[in-house]
There are 2 protein chains.
Amino acid sequence: MAQPERDDKTDRSAPPPSASTGRPRSEEAHQAILDATLELLIEVGFSGLTVEGVAQRAGVGKATIYRRWPSKLPLIVEAFGELPGFEEVDSGSLEVDLKETLKRYLEAFNATSLGAVFPSLAGERAHNPELSKLLEPVARSRREPFVRIFERARERGEIADDVDIGLAADLVVGPISVTLFFRGGTPSPRMVGPIVDLALHGILRRRDD
Amino acid sequence: MAQPERDDKTDRSAPPPSASTGRPRSEEAHQAILDATLELLIEVGFSGLTVEGVAQRAGVGKATIYRRWPSKLPLIVEAFGELPGFEEVDSGSLEVDLKETLKRYLEAFNATSLGAVFPSLAGERAHNPELSKLLEPVARSRREPFVRIFERARERGEIADDVDIGLAADLVVGPISVTLFFRGGTPSPRMVGPIVDLALHGILRRRDD
DNA sequence: ATGATAACGAGACGTATTGTATCGTAATGC
DNA sequence: GCATTACGATACAATACGTCTCGTTATCAT
């Protein structure tokens, strides 16, 4: 009681600094909470997820959750971050790299229901700077493989020097983003070929068609 | 009391069919509610918006809101639909049409804070079929101008017959969608030129560069 | 062993929000 | 002027968040 209150509201993931004794936190419970969060996030979405529901499914008390995460949001973000990424491809060909990476990108997206979860979080971001900061590395890790593919292609001389590589990456992923967010659909792997062809060669009719 | 209850939960926007008498609904209150909803939607976002807050700002009672909309969601969607669209361009040139339309698209997006509101709604869509249905025409109205631009370009022979026009539209809008949703940024009108150039001519180095 | 310490599951609690219902009042039609 | 319906205000039950307190259990230091 004489202790000043912790005003650290952002990180309860580690036990208090003075704690080298006492019952250790259950790693099993920790993982069960993350698993349950992810399951419910997929099932009922961001706004439908309740901490009570997570606690019940994980078989833990609510306090066990709040001991680790200061609020619902960081819990969701951490569970979200557990989703696996996708492997990069380096075949020596821009077109092959793009098609294969985009295919894996989509497969990871659909297999993990990232497509159902990410929009929920993205929607909250504009009015929640903390969430925005937490979400940034996740978004970046999805973009970087494409940036690297284009950097390698530039070194090989496959693309012009004045092509904005970041923009090229966004152009390739763009139709998937549109399908997901604007149209509310599930991006199909069948989109990959046409997307890459169109992005690489352009929409205009070529003289040598 | 002997009356069967209305199970129509989706439309209270019109007075009950039997009502040709009594005090008419205040059109002033109606508009004040929509305005307040839109203001608050922009200020505090989807999850921060409360019906109580809308009632207070609009200077009406909560019942006046629930008399018109069955729940918070349809209210938000209707307020959202009040946002203005953007004018189409038909200059006879694909490149000019695209750049000018995309510029207006972005200006409308930013001026109306649609960019701050749409992601919130999009995120809920996956777990709310009703919202999905309500959101569809909004999304479609933003896409159709681009589809028409490409249809006219095809008639003029500017693009090949085998180009998927829907995909082309998504390709042009794609980087904006990526910026908005994945990166949480505000799309700048300065993106328009590079986007259209890259989408039209392709990422690959042309032989006649 | 034994005691100090902290996490554990369970659940009560205060606050806030949603959506319903009920006030007395005000506006419109017959 | 009377029936009818909307009005603003507010009380209400249900639900969720986040805090707190139970009695219990696991680990460390001695």
Side-chain angles (χ1 to χ4, degrees), chain A residues 1 3 5-10 12-33 36-37 40-41 44-76 124 128 130, chain B residues 1 3 5-10 12-33 36-37 40-41 44-76 124 128 130:
Chain A
M1 229 188 262
Q3 286 274 69
E5 298 197 284
R6 299 181 63 202
D7 58 354
D8 173 9
K9 299 261 185 191
T10 59
R12 299 185 187 169
S13 60
S18 58
S20 64
T21 173
R23 177 174 177 173
R25 291 193 180 167
S26 162
E27 185 53 41
E28 191 179 317
H30 195 93
Q31 198 56 47
I33 292 167
T37 301
L40 285 173
L41 212 46
V44 302
F46 179 83
S47 63
L49 183 139
T50 70
V51 176
E52 189 100 12
V54 173
Q56 279 184 16
R57 178 165 302 201
V60 306
K62 271 205 298 177
T64 302
I65 296 179
Y66 281 106
R67 202 173 286 119
R68 291 167 164 80
W69 296 275
S71 72
K72 200 170 79 162
L73 202 55
L75 165 63
I76 289 178
E124 294 300 309
N128 193 327
E130 190 184 346
Chain B
M1 229 187 268
Q3 287 272 70
E5 300 196 281
R6 299 180 64 201
D7 58 354
D8 172 11
K9 299 261 187 194
T10 59
R12 298 185 187 170
S13 60
S18 56
S20 65
T21 171
R23 178 175 176 173
R25 290 192 181 168
S26 162
E27 186 53 42
E28 191 179 316
H30 195 92
Q31 197 57 47
I33 292 167
T37 301
L40 284 173
L41 211 46
V44 302
F46 179 82
S47 64
L49 183 140
T50 69
V51 176
E52 189 100 13
V54 172
Q56 279 183 17
R57 178 164 301 202
V60 305
K62 272 205 301 176
T64 302
I65 297 179
Y66 282 107
R67 201 172 286 120
R68 291 168 164 79
W69 296 275
S71 74
K72 200 169 77 162
L73 202 55
L75 166 63
I76 289 178
E124 294 301 310
N128 193 329
E130 190 184 345

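Chain identifiers are assigned alphabetically (A, B, ...) following the order of the sequence lines, protein sequences preceding nucleic acid strands; residue numbering begins at 1 within each chain.
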How close or far is atom [atom2] of [N] from atom [atom1] of [X], stated in whole angstroms?
X     : N      : atom1 : atom2 : result
A:Y66 : C:dA6  : OH    : C1'   : 21 Å
A:H30 : C:dA6  : NE2   : C1'   : 17 Å
B:I65 : C:dT20 : CD1   : C1'   : 14 Å
B:I33 : D:dA6  : CD1   : P     : 13 Å
A:K72 : D:dT19 : NZ    : C1'   : 17 Å
A:R67 : D:dC17 : CZ    : C1'   : 17 Å
B:L40 : C:dT18 : CG    : P     : 11 Å
B:E28 : C:dT28 : CD    : P     : 12 Å

message = Within the 4.5 Å heavy-atom criterion, are B:L73 and B:F46 side-chain neighbours or not?
response = yes
key: Contacts of B:R23 that satisfy side chain to side chain contact (heavy atoms under 4.5 Å, CB included) - sequence neighbours left out   = none
remark   = Residues at least two apart in sequence or cross-chain that pass side-chain hydrogen bond (donor to acceptor under 3.5 Å, both in side chains) with A:S47, listed by chain then number, are B:E124
ask   = Which residues pass the side-chain hydrogen bond (donor to acceptor under 3.5 Å, both in side chains) test with B:Q31, sequence neighbours left out?
value = B:D35, B:E82
OP1 or OP2 of [N] under 4.0 Å from side-chain N/O of [X]:
X     : N      : value
A:R68 : D:dG18 : no
A:T64 : C:dG9  : yes
A:R25 : C:dA6  : no

task = Under 4.0 Å between any heavy atoms, over every strand shown, what does B:K62 touch: base, sugar-phosphate, or nothing? Just pick one.
result = base
message = Below 4.0 angstrom, which residues in residues 48-58 of chain A have at least one non-hydrogen atom near DNA chain D?
response = A:L49, A:T50, A:V51, A:E52
Nearest listed nucleotide, side chain of B:A29, among C:dG19, D:dC20, D:dC7 = D:dC7
Residues in salt bridge (Lys or Arg N to Asp or Glu O under 4.0 Å) contact with B:K72, at least two apart in sequence or another chain = none
ask   = Does any pair with a residue in residues 45-60 of chain B pass salt bridge (Lys or Arg N to Asp or Glu O under 4.0 Å), and if so which ones, sequence neighbours excluded?
value = B:E39-B:R57, B:E43-B:R57, B:E52-B:K62
query = In the 5'-to-3' direction, what one-character label does each nucleotide of nucleotides 22-29 of chain D receive under the scheme B = base within less than 4.0 Å of a protein heavy atom, S = sugar-phosphate only, - = no such atom?
reply = ---BBBS-
Point-to-point distance, once rounded to the nearest 0.5 Å, from [atom1] of [X] to [atom2] of [Y]:
X     : Y     : atom1 : atom2 : answer
B:L49 : B:I76 : CG    : CD1   : 5.0 Å
A:I65 : A:H30 : CD1   : NE2   : 11.0 Å
A:L40 : A:Q56 : CG    : CD    : 10.0 Å

